Amino acid sequence: MIHVDLKGTIKEFEAGVSAADVAKSIGMGLYKSACAAKVNGEVCDLRTALTEDCSLEILTFADEEGKQAFWHTAAHMMAQAIQRLYPEAHFGIGPSLEDGWYYDVGGVKPFTPDDFPAIEAEMKKIAKEDLPVEKKIITLEEGRAMFANQPYKLELLEEYAEKGWELSVYTQGDYTDLCAGPHLMSTGVVKAVKLRQATSAYWRGDSSKDRLCRVYGIAFPKASELEAYVAQQEEALKRDHNKIGRELEYFTTVDSIGQGLPILLPNGSRVIQLLQRWVEDTEQKRGYLLTKTPLMAKRDLYKISGHWDHYRDGMFILGDADDESKECFALRPMTCPFQYQVYLNRKRSYRDLPMRLGETSTLFRNEDSGEMHGLIRVRQFTISEGHLVIRPDQLEEEFRGCLELAKEMLDTLGLGEDVSYRFSQWDPNRKDKYEGTTEQWEEAQGLMKKILDHLGLDYKVGVDEAAFYGPKLDIQIKNVFGKEDTLITIQIDMLLAEKFGMTYVGEDGQEHTPYIIHRTSIGCYERTLALLLEKYAGALPTWMMPTQVEIIPITDRQHEYARKLHEQLEAAGIRVETDYRSEKMGYKIREAQLKKIPYMLVVGDKEMEEGLVAVRARKEEKAGVMTVDAFLAQILKEIATKER
RNA sequence: GCUGCUAUGGCUCAGGUGGUAGAGCACAUCCUUGGUAAGGAUGAGGUCACCAGUUCAAAUCUGGUUAGCAGCUCCA
């Protein structure tokens, strides 16, 4: 007999009992919804035999890990269906994702959505067949025989064997896949399936290798769950900034200007102006010195900074890069080497440090043509850039200050809950991508880790995500498509100061090399605007809304009153517009509502006679009649506190 | 850059199998002066992204270019 600890309750079972049998003994409901098990904290199949005392947790679709097993099995089912329909297919990898899974398929014509119904139908058949999913440990030789016709699987097999990993396969009916698991007990529970899209991906993520067709799918135990998911996805896409940002006239693009070069229309320009003023003022209060440096420089500067060697493909170069006999300029992709010149303007003392330099800085990056996306990924953008030149002993405090500032900004914008933190490190196996020595990197990363741990920040590590000059703390955010981008970054740089000959005279009278923190406080304005539009579906908080109030006179008789109102609000600093057109009131309200204008002030004869306004807020349709002063007090408070 | 999809008036879209264009919204003018999400009439607006090719004939077929979308790779 063994003792199994089920979330605190100890039960006795025969040795060798399976996790599934334990689930059954607890209840058929749990047994039926079980996806996987967790034995002593390790996720495994429900078939796993328990041979000694252990803790056991039954994972269902409601658990993250149960879901992963569910989707992983569904991925195998999709591969199985594809194999039945396209026997020539070669399979790459097919992992589960945060929502659903994908499988990379080679050797076939790329799939299009037209091919999905047949594959989905075959998957449903596989579900109906209710095939048991069984695991088997194999030897390298067995694997070579099994996957003789599967070149990608063979490559993985050899690699796993080389690493000394246990080789295992999962079989369901006529399909066997190289896989570590865990998986469901059988294919029968995967009832509601939808293939989402087919795209392309490179084998092993390497653009020099084969192109595979990546098919994305999602599945649920119940059809109703799938329907809810699809509806939610459709809802999310309505918030796409690339759609509403154009509809609400925040930005546009023009073919002849070029990719990644959006035109900010008056609405977008206004929001960015408001954000910039706020950032610059906030930074000033935190001791930042404002700078304004050139947007381009001679090639010589980038040679010193390392950009010429490490970032040349990402730069717009004006002139012949290879002709050393002629002057050659490049638009700046980063502000660092320019802003350092401010520091270098005269000799610095330890008393000058920390020196916090801030700049609203426009940058140019020659992204590959497929990279652009609305306002999120562009070729020219403006960033709340800053560099802190500091003594080594000031590193932790200044780093914390940068993080506090970033968090303050995020919380004010309402994005604080939506971000995640990534500690971006270098990859010691790709040293050519980075400046500096292994020792320097280990020191910088060690210091950063210490600081992050001190701050108790919950972060993930990203290997090979660092800047070429140092490790980063990246504050990541997802767009409506679930794609993650960096919103804010704070970086430690122990290399560039030396390259630029930046020093300070210490208390000891000797020259020392400072550390530098590169950071943004709100990130790049275009990207931030994009994410705000998505977050609020266009209904930005009043304080940053391009038009805050729309005055709607009901008839011509109130035009004079409306004009006075307009002037009064404008004098109070409110961004107001008045709709003098001879349209019906309902029509004007509809338009203002679609434009997401926070407040509509409807004025008719009644209001005019009593000197009142009928206030209709975008978030609540019922109108409230009040005096102009009362309305002003309310909206001014909302703006001053940056209420969301 | 790669793969797939796409490109018709400012916007959203119709235009089987080739015979040189249509709707709604928006816009303009006029009528309407109406109490919380679309009043009516009339009108203007398009070398069907661009460049070649096939054809008696191309919005429609083919190739290229540019741009847009998703994914990959890359990055703020």
Side-chain angles (χ1 to χ4, degrees), chain A residues 102 104 109-114 196-216 237 240 242-243 246-247 249 252-261 311 313-314 333-335 361 363 365-374 376-379 381-385 424 464-465 467 472 474-477 481-489 491 518-520 522-528 552-559 582-594 600-607 614-618 621-623 625:
Chain A
Y102 67 77
D104 287 344
K109 196 173 129 296
F111 296 119
T112 70
D114 294 341
R196 294 194 295 170
Q197 55 177 345
T199 63
S200 87
Y202 300 108
W203 171 234
R204 318 225 73 178
D206 182 338
S207 55
S208 68
K209 294 192 168 148
D210 291 356
R211 276 174 270 104
L212 304 178
C213 177
R214 177 166 293 178
V215 184
Y216 288 83
L237 293 189
D240 180 5
N242 211 1
K243 189 168 176 297
R246 290 171 195 270
E247 283 169 2
E249 298 195 291
T252 186
T253 47
V254 174
D255 283 14
S256 54
I257 288 183
Q259 272 191 304
L261 297 169
Y311 208 81
D313 288 346
M334 298 175 192
T335 322
S361 172
L363 304 179
R365 297 191 185 175
N366 193 3
E367 304 287 352
D368 287 341
S369 68
E371 311 298 348
M372 264 62 78
H373 172 67
I376 286 185
R377 193 80 183 275
V378 292
R379 279 182 167 145
F381 55 94
T382 299
I383 191 169
S384 55
E385 182 78 278
S424 297
D464 200 23
E465 298 282 359
K472 308 190 285 179
D474 290 322
I475 304 183
Q476 304 289 106
I477 191 158
F481 296 101
K483 184 173 164 75
E484 190 176 275
D485 275 295
T486 301
L487 192 60
I488 293 177
T489 182
Q491 315 169 350
H518 305 231
R519 46 103 270 171
T520 65
I522 202 182
C524 122
Y525 290 98
E526 292 83 349
R527 182 174 285 184
T528 302
I552 300 178
I554 295 179
T555 74
D556 295 354
R557 288 193 300 282
Q558 296 90 32
H559 281 193
S582 63
E583 297 290 348
K584 287 182 78 172
M585 177 198 58
Y587 181 86
K588 295 181 186 176
I589 287 175
R590 178 185 147 83
E591 280 208 338
Q593 190 76 39
L594 291 175
M600 289 163 244
L601 301 186
V602 178
V603 289
D605 287 337
K606 271 191 286 181
E607 287 76 17
V615 182
R616 178 184 164 124
R618 70 178 170 201
E621 287 179 16
K622 59 176 191 281
V625 179

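Residue numbers start from 1 in every chain, and the chains themselves are labelled A, B, ... in the order their sequence lines are given, proteins ahead of strands. Source: prediction; values computed, not measured.
Closest to the side chain of R246(A), out of G68(B), C2(B), A38(B), is G68(B). Closest to the side chain of R214(A), out of C72(B), U33(B), A37(B), is C72(B).
Applying the 3.5 Å distance criterion, the base of G1(B) shares no donor-acceptor pair with the side chain of E367(A). Side-chain atoms of Y202(A) and base atoms of G71(B) include no donor and acceptor less than 3.5 Å apart. Residue-to-nucleotide contacts include no donor-acceptor pair under 3.5 Å from the side chain of T199(A) to the base of U3(B). Residue S200(A) places a side-chain atom within donor-acceptor reach of the base of G71(B), judged by atom type and a 3.5 Å distance cut-off alone. For U36(B), the base has no donor-acceptor partner in the side chain of Q593(A) [N/O atoms by modelled type, under 3.5 angstrom].
Comparing the C1' positions of A21(B) and A14(B) gives a spacing of 11 Å, expressed to the nearest Å. If you take atom C1' in A59(B) and the same atom in G16(B), they sit 15 Å apart, rounded to whole Å. Comparing G40(B) with U17(B), their P atoms are spaced 36 Å from each other, to the whole Å. Comparing A67(B) with U55(B), their P atoms are spaced 32 Å from each other, to the whole Å. Between C75(B) and G1(B), the distance separating the two C1' atoms is 14 Å to the nearest Å. Look at the C1' atom in both G68(B) and C50(B): the space between them is 15 Å, to the nearest Å. If you take atom C1' in A49(B) and the same atom in C31(B), they sit 40 Å apart, rounded to whole Å. Going from the P atom of U3(B) to that of G10(B) covers 32 Å, rounded to whole Å.
When rounded to the nearest whole Å, the span between NE2 of H559(A) and P of U33(B) equals 14 Å. Between the P atom of C75(B) and the CG atom of L487(A) lies a distance of 18 Å, rounded to the nearest Å. Between the OH atom of Y102(A) and the C1' atom of U73(B) there is a distance of 13 Å, rounded to whole Å. Atom-to-atom, NZ of K588(A) to C1' of U33(B) comes out at 9 Å; the value is rounded to the nearest Å. Following rounding to the nearest Å, K584(A) (NZ) and G40(B) (P) show an atom-to-atom distance of 9 Å. Look at CD1 on I589(A): it is 11 Å from C1' on G34(B), rounded to the nearest Å. When the C1' atom of U3(B) is taken as reference, atom CG of D368(A) falls 14 Å away, rounded to whole Å. We find that CZ of R557(A) is positioned 6 Å from C1' of U33(B), with the value rounded to whole Å.
The phosphate of A76(B) has OP1 or OP2 within less than 4.0 Å of a side-chain N or O from K472(A). Taking side-chain N and O atoms only, N242(A) has no distance below 4.0 Å to OP1 or OP2 of G68(B).
If you check every strand for non-hydrogen atoms under 4.0 Å, G482(A) touches nothing. Contact annotation for I376(A): base contact, defined as any heavy-atom pair under 4.0 Å involving a base atom. Within 4.0 Å of A592(A), counting heavy atoms only, lies no atom of the nucleic acid at all. Residue-level contact check: K606(A) touches the bases, meaning some heavy atom is under 4.0 Å from a base atom. At a threshold of 4.0 angstrom between heavy atoms, the contacts of L594(A) include nucleobase atoms, whether or not backbone atoms are also involved. Within 4.0 Å of R616(A), counting heavy atoms only, lies at least one base atom of the nucleic acid. At the heavy-atom level, G586(A) lies under 4.0 Å from the strands shown only through sugar-phosphate atoms. Among the heavy atoms of the strands lying under 4.0 Å from F481(A) are primed sugar atoms or P, OP1, OP2 only; no base atom is included. Contacts of K243(A) with the nucleic acid, taken as non-hydrogen atoms under 4.0 Å apart, are absent. When heavy atoms are screened at a 4.0 angstrom cut-off, E607(A) is found touching base atoms of the nucleic acid. Residue contacts for E371(A): at a heavy-atom cut-off of 4.0 Å it reaches a base atom on one of the strands shown.
Between the side chains of R527(A) and T486(A), no donor N or O sits under 3.5 Å from an acceptor N or O. E385(A) and T335(A) share a side-chain donor-acceptor pair at under 3.5 Å. Side-chain contact, T199(A) with Q197(A): no donor N or O sits under 3.5 Å from an acceptor N or O.
Taking the charged nitrogens against the carboxylate oxygens, D605(A) and R557(A) do have a contact shorter than 4.0 Å, which makes a salt bridge.
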Protein and nucleotides 24-26 of chain B: nitrogen or oxygen contacts under 3.5 angstrom:
residue: A26(B); atom: OP1; partner: Y587(A); partner atom: OH; Å: 2.6

Polar atoms only, N or O, under 3.5 Å: list the protein pairs with nucleotides 64-67 of chain B and their distances.
residue: A67(B); atom: O2'; partner: D255(A); partner atom: OD1; Å: 2.8

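At least one donor-acceptor pair closer than 3.5 Å links the side chain of T520(A) to the backbone N or O of T489(A). Between the side chain of E591(A) and the backbone N or O of K588(A), no donor-acceptor pair lies under 3.5 Å.
Contact between R214(A) and D104(A) at its shortest, heavy atoms only, is NE-OD1, 2.7 Å.
Within a 6.0 Å sphere centred on CD of E249(A), heavy atoms belonging to other residues, nucleotides or ligands number 12 at most.
Results of the side chain to side chain contact (heavy atoms under 4.5 Å, CB included) test with E371(A) over R377(A), Q259(A), R365(A) single out R377(A) as the only residue that passes.
With a cut-off of 3.5 Å on both Watson-Crick or G-U wobble distances, the partner of U42(B) is given as A28(B).
Comparing Y216(A) and D464(A) against RNA chain B, the residue whose closest nucleotide sits nearer the 5' end is Y216(A).
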